[in-house]
Amino acid sequence: MCRRGQGNQLTANFDLEERGLVINTIGAAEIQKFFLAGANAIDAKKETINDLNVFPVPDGDTGTNMTMTIMAAAREVASLTDPDMKQICKAISSGSLRGARGNSGVILSQLLRGFTKVVGKAEQADVRVLADAFERAVDSAYKAVMKPKEGTILTVARCGAQKAAEMAERTDNIIEMINAVILHMRDVLDQTPDMLPVLKEAGVVDSGGEGLLVILEGAYDALLGKEVSCEIEQEKAPGPAPAATGVKAVEDADIRYGYCTEYIIMLEKSFGAEEEKEFKAYLESIGDSIVCVADEDVVKVHVHTNDPGLAIQKGLSYGALTSMKIDNMREEHNERVIFQSGKNAEQNKNAEKNAGQNKKTEENAEPNINAEKSAEKEKWAKNGFICVSVGDGLDEIFRGLGADKIIAGGQTMNPSTEDILEAISQVNADTVFVLPNNSNIVLAAEQARDLTKDKQVVVVPSKNIPQGISALIQFSEGLSLEENLASMEEGMKAVKSGQITYAVRDTSLDGKTIKAGDIMGLTDKTIETVGTDVVDTTAELVRKMIDEDSEVVTLYYGEEASEEEANQIADRIKSMGQDLQIDVEYGGQPIYYFFVSVE
């Protein structure tokens, strides 16, 4: 339960300079300013929030995910000139929903979505409107999480909403209300280690709760009239990208449509199912790679076409346009070819390591084979597959198992809901299976599923790479959807997964004293082994993972490990005396020396 703040204590904390300030209502201009100030506040402190990660691994990304989520909305909000409350709220909701990354980003997007559903209906917001908005925000966030856990951002938000409701009965001054809410939320955040023992052992508060408070404190500074930054840097055009990002492969040199055209329609008239169907049909008549996702009064549009003007004119027939972006894909293609040729040279070196010079000729022929397979997959299929992957070796493994699209992502960079939506749009299948292969991407995948209207999207909740590989292996075209899901989930349960990485700070966790730079072996986010040598620590992790029922051990070595080290570990496992099949595969993943699978 939330502790109720003491009235006298709150009054004492209400700064004397602020007591004379009274604001009873705020409008669209103020909401715009406060939101942008909050976005910039978390952007400035994202690394501090990242450092609150419970586990001392080099992929603490809560601050990054929350920042990228809110910045996706902030860019839309900043582009609006003299908007009304409804327009501001739609931009906040739509932008954060599609830009959501990681579990913390999805929860933040749902908090913002619920908040704006209430505020967007009011011309001016007072304490009562804000209290209702806080309550709706919490309801939306809790519904988005299948198993809400107390001691997290959800608890901090819920207790803040309860304090807002209490203050709405006591004052009409928004400043006094928000001050009390922030003080109470900070008090609750400080208590999160008592709610989650793992936080106490690591000596940190909940990182998502801290991120939420940083946003509110930034907005509150703007409310007080302090000098805050409300300038938002617009997203830079992406540089050359490898084929694994989910865009059309570099090998497909014949680009039929030259311009990637994107925009958001702020609807001014009805856009129901019939209108959406007619709009998509028009876009298909002038291009391909269509993405058209409607969210109440906002429509996100993406199309590849030779005449962007036609796409823009059609969009204008439904309302005002914002966040317009047109890229010349033929120029980008040339850059990617140069980028990919260098990457292919590096991949060939790894291929030579694995198979020797004699296999090189076969591998040089592979792009043509892949091009033929790619052409086959352009046909409409019953089932399609999207996999999130985190290394060029793992990308090839997933493609070999039937993946239609690979989304680059994983520990260090979680793909957004929009990234997953775009990949879904490019898979020509009635049913599209999405394998997140990371527990921090599942919510974003589910959000993309809920936003897709023209295909059946099934999220297979794979929490790591070995689970994703096992799930794909289990799929059979001859089975029904229900049978395949049961089989894939059974396959995921049958595999034990481990990871080897290094510690980024000193800490004490899981009963182990860890120093920065130590090598750690983790299973399901539990630190099993700690050492100073990669080979020794990995071998010890595998020893703890295998039991009498284990049959196969697979080592996927990353970009910071070598095949030689992998073979040394394999020899150590063989010497343990158990009859096991041991496979060594090149994964190419960053940060993690090895992914380990035991079946």
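The analysis underlying the following values was restricted to heavy atoms, covering all of them including side chains, and did not include hydrogens, waters or symmetry mates. Sequence positions, counted from 1, serve as the residue numbers for this chain.
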Is it true that a side-chain atom of [X] and a backbone atom of [Y] form a donor plus acceptor pair closer than 3.5 Å?
{"X": "Ser140", "Y": "Arg136", "value": "yes"}
{"X": "Ser96", "Y": "Ser93", "value": "yes"}
{"X": "Asn173", "Y": "Ile23", "value": "yes"}
{"X": "Lys121", "Y": "Val118", "value": "no"}
{"X": "Asn40", "Y": "Glu231", "value": "yes"}
{"X": "Glu560", "Y": "Ile591", "value": "no"}
{"X": "Lys45", "Y": "Gly211", "value": "no"}
{"X": "Asp506", "Y": "Ala516", "value": "yes"}
{"X": "Thr261", "Y": "His304", "value": "no"}

Checklist entry - Hey, is NZ on Lys512 packed in by over 12 heavy atoms from elsewhere, all under 6.0 Å? => result yes
Do [X] and [Y] have side chains that get closer than 4.5 Å, going by heavy atoms?
{"X": "His184", "Y": "Cys159", "value": "yes"}
{"X": "Ile153", "Y": "Ser104", "value": "no"}
{"X": "Ile182", "Y": "Tyr220", "value": "yes"}
{"X": "Lys405", "Y": "Gln426", "value": "yes"}

Next on the checklist: Run the salt bridge (charged side-chain N to carboxylate O under 4.0 Å, His left out) test on Glu150 and Arg158 for me, step by step, so that the C-alpha distance in whole Å, both residues' side-chain angles and the decisive distance to 0.1 Å come before the verdict.
Outcome noted: CA-CA 10 Å; Glu150 295 305 325; Arg158 177 170 54 79; 2.8 Å; yes
Checklist entry - Which is it for Gln110 and Gln447 under the side-chain hydrogen bond (donor to acceptor under 3.5 Å, both in side chains) test, yes or no, and what are the steps along the way? => result CA-CA 10 Å; Gln110 290 295 331; Gln447 195 150 272; 2.7 Å; yes
Next on the checklist: For the residue pair Lys269 and Tyr318, would you count it as a cation-pi contact if the rule is NZ or CZ under 6.0 angstrom from the ring centre and within 45 degrees of the ring axis?
Outcome noted: yes
Item to check | side-chain hydrogen bond (donor to acceptor under 3.5 Å, both in side chains) partners of Glu210, counting only residues at least two apart | outcome: Arg186
Next on the checklist: Set out, in order, the CA-CA distance, both residues' side-chain angles and the distance that settles side-chain hydrogen bond (donor to acceptor under 3.5 Å, both in side chains) for Ser462 and Asn437, then state yes or no.
Outcome noted: CA-CA 5 Å; Ser462 51; Asn437 300 331; 2.7 Å; yes
Item to check | Salt bridge present between Arg101 and Glu418 (N-O < 4.0 angstrom) | outcome: no
Item to check | salt bridge (charged side-chain N to carboxylate O under 4.0 Å, His left out) evaluation trace for Glu166 with Lys163 | outcome: CA-CA 5 Å; Glu166 176 189 324; Lys163 176 57 68 173; 3.1 Å; yes
Item to check | Among Asn50, Leu108, Val214, side-chain contact (heavy atoms from CB on, under 4.5 Å) partner for Met66 | outcome: Leu108
Checklist entry - What's the verdict on side-chain hydrogen bond (donor to acceptor under 3.5 Å, both in side chains) for Asn24 and Asp172, showing C-alpha distance, side-chain angles and the deciding distance? => result CA-CA 6 Å; Asn24 297 125; Asp172 293 328; 5.4 Å; no
Checklist entry - Taking it one step at a time, do Glu169 and Arg128 satisfy salt bridge (charged side-chain N to carboxylate O under 4.0 Å, His left out)? => result CA-CA 8 Å; Glu169 300 296 326; Arg128 187 67 265 167; 3.0 Å; yes
Next on the checklist: The test is side-chain hydrogen bond (donor to acceptor under 3.5 Å, both in side chains); show your working for Ser207 and Thr62 and say whether it passes.
Outcome noted: CA-CA 7 Å; Ser207 54; Thr62 299; 3.2 Å; yes
